[in-house]
Amino acid sequence: MLELVGFKQDYYELSRSTNLKTIIYGSKEEFISNRDKMPKYELFFDKDSETKIEVDGEIFYGINELKKLSGRVIVLVCIVGGKRFIDACEDLRKYGVEGYAVHFFNNITFVDNFWSSSNSYRVTEIKQKLKVNIVCRDTGWIFRKFAEKLESNLSELGVDTKITDDPDDKADINHHIPYVAFKPYKNDTLMITHVDASKKVDLLKKQLQTAALGICMSKDTMDKLSLWGVPREKLCYVNPAHDHLIKTHKYVIGITHKCHDGEDVRKRATAILDVLEGINPEYFRFKIMGAGWEAIVNEMRKMGFEVELYDDFDLDIYTNLMSTIDYFLYMGFDEGTMGYLDALYAGAGTIVTPQGYHLDLGCGIDYPCNTITEFHNAFLDLQNKRKLIVDSVESYTWRLYTEKLLTIWKYILKQKPITEIFKNQSEYMDGIFSVLVEENRL
C-alpha cells in the first residue's frame, strides 16, 4: 500500500518516526534545479527513462528498476502539479512500491514561501574566514582536551582557530569552555556542564542575557535548566565525543575438561569449531584447561580467536582462571561437569547443557543449550549485546562534535541558509536540531 502524505505532515517527522529510507521519483530536470533543498536519499528514479543514465555526476535509474525495490520506503515525488503528483503515485502503485508518497513541491518541509516567510533570519554575506576563539583557562584534563580537540578539527575544516585565556572581541565566535567566570560577548557560546548549585543557574541566566547560546552536554541538563528558569530559546545541547582508543573488552569463555574426542564424543569438544563458525573473534577469547585440546585450539586460533591453553591441571592456575572468566562453557551430556560448580561460585555466567546436576543447584542456566545451533545462537546473542553497546558510541567522533558546533555558530552568524542548516534532520537529534527557533517549527 502507498499512502499519500498531505501538506501539513512534515517529511522529517515522518522520516524520524518510520525510520524508512527515502527514494526520489520524478523529473530529473526538476530534481537538478532543486538539488540543494533535497534531503538525504538512497536512489533517484527518472519517470522518463527506462534505463540507468548519469547526468552531472548523478545516477538516475529507469522506472523499470522500481520493481526491484524491497520493503516500505518514503518516496519524495519531484514533479510540479497536484494532478501530476496523483498520476505519479498511481504509477508507483503499479510498480508495487509501498510506503509513503510525499509531494516535494507541496509539503510544509520544502515549499519555498515557507522557508522565506521569516524576516528574522537572512543570510549575511561571508567576507572572510570564520574566526573562532576557544576561551579555556584550564590546563589540566577534560576541559583542555575539549579545547584542543576542537582546535584541531576546526583547523582541518578551514576555520581560523585559537585557544586563549580570555575572550577576543575581534573573533566571530568566542566559545567558553566552561561557562564559569567568563564574561561573554553577543555572538558567544557557553559550554555548560556541572550545574550543581543555584548560584550557577543564576550565573547562566545573567550570561545568557548577552551570549547567543548555552550548549549543554545532554538533553537532560538542557531540560532541567529550562525548568529552572533559563530561557529555552537560549539553550541547546551537543552530546560529547569519544576518543575511540579503548579496545573492546572480549568475553572470556572458560572450558575446564579434557578432550576425549579421539576415543569418544562424550564431551563433544570438537563441536566448538562448528559453534564458532561465523562468530566474530573481536568479542570472545578462551581459557582452556585440559589435555587433548591442541588440534582444536590450533583451528580456533586459525579462525582468529585468542586462546590460553593449559594441558595439565594446576590448582593455582585453575583457581585464577575460574575467577577471571565471564562465561563457563560445557557441551557434554555425561550428567555434568565439576567446573560448573566452581563457575557458579565465581559468579560467572553459564552456557551449558541442561542435564544432570546442572539442573539441581537452584540456579538458572544463563544459556541452556542442547544442539550446536543453540550453542551458536548463545554466542551470537552475547556478540550482538556487546556490539549494540559498542555501536552506541561509534558515531560520537570529535569531527562530528566539531561539525555540530560549527553548524550552530554558522546559524548564529547567519552564514548558512535555513534550508541547508536543517537539511539533514534525520541524522541526529542534538546540535542545531535542539535549538528552539521559529525556522525549525518547534
Side-chain angles (χ1 to χ4, degrees), residues 36 120-193 204 207-217 234-245 395-424 427-428 430-435 437 439-440:
D36 62 329
S120 64
Y121 188 98
R122 294 191 180 278
V123 177
T124 58
E125 184 180 352
I126 304 173
K127 297 181 179 179
Q128 58 185 0
K129 203 174 188 181
L130 181 64
K131 293 182 179 180
V132 174
N133 180 40
I134 301 170
V135 187
C136 181
R137 294 177 185 171
D138 180 71
T139 58
W141 190 17
I142 296 297
F143 288 145
R144 194 68 186 186
K145 181 171 90 167
F146 270 82
E148 290 175 353
K149 291 288 187 181
L150 266 177
E151 180 190 35
S152 173
N153 281 275
L154 284 169
S155 296
E156 291 176 6
L157 291 168
V159 177
D160 186 354
T161 312
K162 61 182 179 179
I163 302 174
T164 65
D165 290 342
D166 296 292
D168 180 359
D169 60 0
K170 293 182 175 61
D172 297 304
I173 295 285
N174 286 288
H175 182 57
H176 301 263
I177 300 179
Y179 66 97
V180 178
F182 295 116
K183 183 178 180 180
Y185 291 97
K186 178 181 178 182
N187 287 332
D188 291 2
T189 53
L190 315 174
M191 177 182 173
I192 298 177
T193 181
L204 278 169
Q207 289 177 319
L208 288 171
Q209 290 175 5
T210 304
L213 275 175
I215 304 175
C216 304
M217 297 178 72
K234 286 295 189 90
L235 296 172
C236 66
Y237 74 99
V238 176
N239 292 139
H242 180 249
D243 294 333
H244 295 83
L245 298 177
S395 65
Y396 285 66
T397 64
W398 285 106
R399 175 52 61 90
L400 181 59
Y401 177 82
T402 304
E403 288 173 348
K404 289 175 181 178
L405 288 179
L406 188 55
T407 301
I408 290 171
W409 294 332
K410 287 185 176 181
Y411 167 77
I412 291 170
L413 298 170
K414 297 181 173 60
Q415 290 192 352
K416 267 189 174 185
I418 289 294
T419 46
E420 188 176 346
I421 285 177
F422 293 111
K423 183 175 180 180
N424 297 317
E427 301 274 329
Y428 48 82
D430 59 343
I432 189 65
F433 306 124
S434 64
V435 177
V437 288
E439 291 81 2
N440 201 24

Practice task
Would you confirm whether His242, through its side chain, and Pro240, through its main-chain N or O, come within 3.5 Å as a donor-acceptor pair?
Solution key: no
Practice task
Check whether any side-chain heavy atom of Lys234 lies under 4.5 Å from a side-chain heavy atom of Leu204, and answer yes or no.
Solution key: no
Handout entry: Residues that Phe146 engages under ring-ring contact (aromatic ring centres under 6.0 Å, His included), provided they are two or more places apart
Key = Trp398, Tyr401
Practice task
Give the intermediate values and the outcome of side-chain contact (heavy atoms from CB on, under 4.5 Å) for residues Met191 and Ile215.
Solution key: CA-CA 5 Å; Met191 177 182 173; Ile215 304 175; 5.7 Å; no
Handout entry: Residue pair Asp243, Lys149: steps toward the side-chain contact (heavy atoms from CB on, under 4.5 Å) verdict
Key = CA-CA 10 Å; Asp243 294 333; Lys149 291 288 187 181; 3.9 Å; yes
Practice task
Could you grab the distance from atom CZ of Arg144 to atom CD1 of Ile163, nearest 0.5 Å is fine?
Solution key: 5.0 Å
Exercise for the section: May I ask you to check whether over 12 heavy atoms, not counting those of Tyr428, lie within 6.0 Å of atom OH? Expected result: yes
Completion exercise
When rounded to the nearest 0.5 Å, the distance separating CD1 of Ile408 from OH of Tyr237 is 11.0 Å
Practice task
With sequence neighbours left out, write down each residue that passes ring-ring contact (aromatic ring centres under 6.0 Å, His included) with Phe143, or none if nothing qualifies.
Solution key: none
Handout entry: Lys131 and Asp168 ion-paired at < 4.0 Å
Key = no
Completion exercise
Nearest heavy-atom contact between Cys236 and Gly431 is CB-O, 4.2 Å
Handout entry: Trp409 side chain reached by Leu154 side chain, heavy atoms, under 4.5 Å
Key = yes
Practice task
Say whether, by atom type as modelled, one donor and one acceptor occur between the side chain of Asp430 and the main chain of Met217 under 3.5 angstrom.
Solution key: no
Problem - Side chain to side chain, Leu405 and Val132, heavy atoms closer than 4.5 Å - result: no
Exercise for the section: Using the side chain to side chain contact (heavy atoms under 4.5 Å, CB included) rule, pick out the option among Leu213, Leu190, Leu208 that qualifies with Leu235. Expected result: Leu208
Practice task
Using modelled atom types only, decide if a donor and an acceptor are shared between the side chain of Asp188 and the backbone of Asn174 within a distance under 3.5 Å.
Solution key: yes
Exercise for the section: Supply the atom-to-atom distance Gln415 CD to Thr407 OG1, rounded to the nearest 0.5 angstrom. Expected result: 11.5 Å
Practice task
Would you indicate whether the side-chain heavy atoms of Asp165 and Arg137 approach each other to under 4.5 Å?
Solution key: yes
Exercise for the section: Drop me the distance from Arg399's CZ to Asn153's CG, to the nearest 0.5 angstrom. Expected result: 4.5 Å
Practice task
Using a 4.5 Å cut-off on heavy atoms from C-beta on, say whether the side chain of Cys136 contacts that of His175.
Solution key: no
Completion exercise
Rounding to 0.5 Å, atoms CG (Asn187) and CD1 (Ile412) come to a distance of 6.5 Å
Problem - Approximate separation, where rounding is to 0.5 Å, of Thr402 OG1 and Leu150 CG - result: 4.5 Å
Practice task
Kindly say whether Ile134 contributes a backbone atom to a donor-acceptor pair with the side chain of Glu151 at under 3.5 angstrom?
Solution key: no
